Amino acid sequence: MYRTKKTKESSAEGAYKTALNLLARADHTVSALRRKLHDRGFEDEHIDAALAALSKEGLLNELRHLQNKALYYAEVCLYGKNRIRLELMKKGFERSLLDQRLDEVLEGIDFEENCLRLALKKRMSAPKTRQDVQKFAASLQRYGYANAAIRSAIEQLRHAESE
């Protein structure tokens, strides 16, 4: 025989409990949590009430989630600012929040140093020809690094190889 799924109460309390269970597993953006609750069949008014209650209690904090994700992308994945912004937008962070707070969150990160660390991690050597420079730059631009950080990494690699 087939098991039947228990029907969840479609109320603000049910939406709150479901959202709380989702947040217990991992942080979510407001838009991601809204989408997941909607997919589970909760009505918009109940979702709004649940999200408001979670925000009021400090359990749904997009800024904290933004800080955690941004620092993870910068320090572990070694992404540059542009790629971090793109990844955070994919995760559902509001563009206005990113415009207001992302630079502040990433303020202490040395992206030139991270660019060099990434080049070393990928076992890149200092490019010698113009074509090598273009390939090197294209590879690091895909990671979201600015041209200034890439130029700095090239200079430091050339200096290290000349010693």
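Fair warning: this is a prediction, and the values are worked out from it, not measured in the lab.
Side chain of S152 to main chain of E112: no donor-acceptor pair is present (N/O by atom type, distance under 3.5 Å, no hydrogens or angles). In this structure, the side chain of T18 engages the main chain of G14 through a donor-acceptor pair within 3.5 Å. With S162 contributing its side chain and H159 its backbone, the two residues share a donor-acceptor pair below 3.5 Å. Remark: side-chain polar atoms of N82 are not paired, donor with acceptor, to backbone N or O of Y145 under 3.5 angstrom.
Considering all non-hydrogen atoms of both residues, A50 and A12 come closest at CB-O, 4.0 Å. Residues I154 and V133 come closest through the heavy atom pair CD1-CG1, 4.2 Å. Scanning both residues, A137 and I150, for their nearest heavy atoms gives O-CD1, 3.7 Å. V30 and E62 get closest at one heavy-atom pair: N-OE2, 2.5 Å. When all heavy atoms of A15 and H46 are compared, the closest pair comes out as CB-O, 3.8 Å.
A salt bridge links R85 with D99; the closest basic N to acidic carboxylate O contact falls under 4.0 Å. With respect to R83 and E87, a salt bridge is recorded, a charged nitrogen being found less than 4.0 Å from a carboxylate O. At a threshold of 4.0 Å, the pair E161-R158 does not count as salt-bridged, since none of the basic side-chain nitrogens sits closer than that to a carboxylate oxygen. By the 4.0 Å N-to-carboxylate-O rule, R34 lies close enough to D48 to be salt-bridged with it.
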Original post:
Where do K91 and Y73 land on the side chain to side chain contact (heavy atoms under 4.5 Å, CB included) test, with the steps shown first?
Top reply: CA-CA 12 Å; K91 290 284 184 189; Y73 288 141; 3.3 Å; yes

**OP:** Please assess K122 against Y143 for the test side chain to side chain contact (heavy atoms under 4.5 Å, CB included), listing each intermediate value before the final yes or no.
**Re:** CA-CA 12 Å; K122 294 178 67 130; Y143 276 84; 3.6 Å; yes

**OP:** Begin from the C-alpha positions of N61 and D27 and carry the test side chain to side chain contact (heavy atoms under 4.5 Å, CB included) through to its verdict.
**Re:** CA-CA 8 Å; N61 186 334; D27 279 334; over 6 Å; no

Original post:
E13 and K17: salt bridge (Lys or Arg N to Asp or Glu O under 4.0 Å), yes or no, with the steps?
Top reply: CA-CA 6 Å; E13 185 178 341; K17 287 178 183 176; 3.2 Å; yes

**OP:** Step by step, work out the side-chain hydrogen bond (donor to acceptor under 3.5 Å, both in side chains) result for E75 and N114.
**Re:** CA-CA 8 Å; E75 295 172 354; N114 279 4; over 6 Å; no

**OP:** Go through Q141 and N147 one step at a time and tell me if the side chain to side chain contact (heavy atoms under 4.5 Å, CB included) criterion holds.
**Re:** CA-CA 8 Å; Q141 283 172 341; N147 289 332; 2.7 Å; yes

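Surrounding CD of Q156 are more than 12 heavy atoms belonging to other residues, nucleotides or ligands, all under 6.0 Å away. Remark: K128 NZ is packed, more than 12 non-hydrogen atoms of other residues, nucleotides or ligands lying under 6.0 Å away.
Taken together through direct or relayed side-chain contacts under 4.5 Å among Ile, Leu, Val, Met, Phe, Trp and Tyr, L63 and L23 form parts of separate hydrophobic clusters. Taking hydrophobic clusters as Ile, Leu, Val, Met, Phe, Trp and Tyr residues chained together by side-chain heavy-atom distances below 4.5 Å, L86 does not share a cluster with V76. Clustering ILVMFWY residues whenever any of their side-chain heavy atoms sit less than 4.5 angstrom apart, transitively, puts L33 in a cluster other than the one holding L97.
Note that CG of L51 and NZ of K56 are 14.5 Å apart. Values are rounded to the nearest 0.5 Å. Rounded to the nearest 0.5 Å, atoms CG (L37) and CD (E43) are 12.5 Å apart. Taking NZ of K81 as the start and CG of L102 as the end, the distance is 7.5 Å to the nearest 0.5 Å. Atom CG in L88 sits 12.5 Å away from atom CD in E94 (nearest 0.5 Å). In this structure, CZ in R151 is found 11.0 Å from SG in C115, a value given to the nearest 0.5 Å.
Partner L116 forms a side chain to side chain contact (heavy atoms under 4.5 Å, CB included) with one of L78, L157, L140 and no other, that one being L157.
Here H65 and F93 bring their ring centres to under 6.0 angstrom of each other.
Within the 4.5 Å cutoff, side-chain heavy atoms of L98 are placed close to those of L66. Within the 4.5 Å cutoff, side-chain heavy atoms of S139 are placed close to those of M124.
In this model, a donor atom of one side chain and an acceptor atom of the other lie less than 3.5 Å apart for Y16 and E57.
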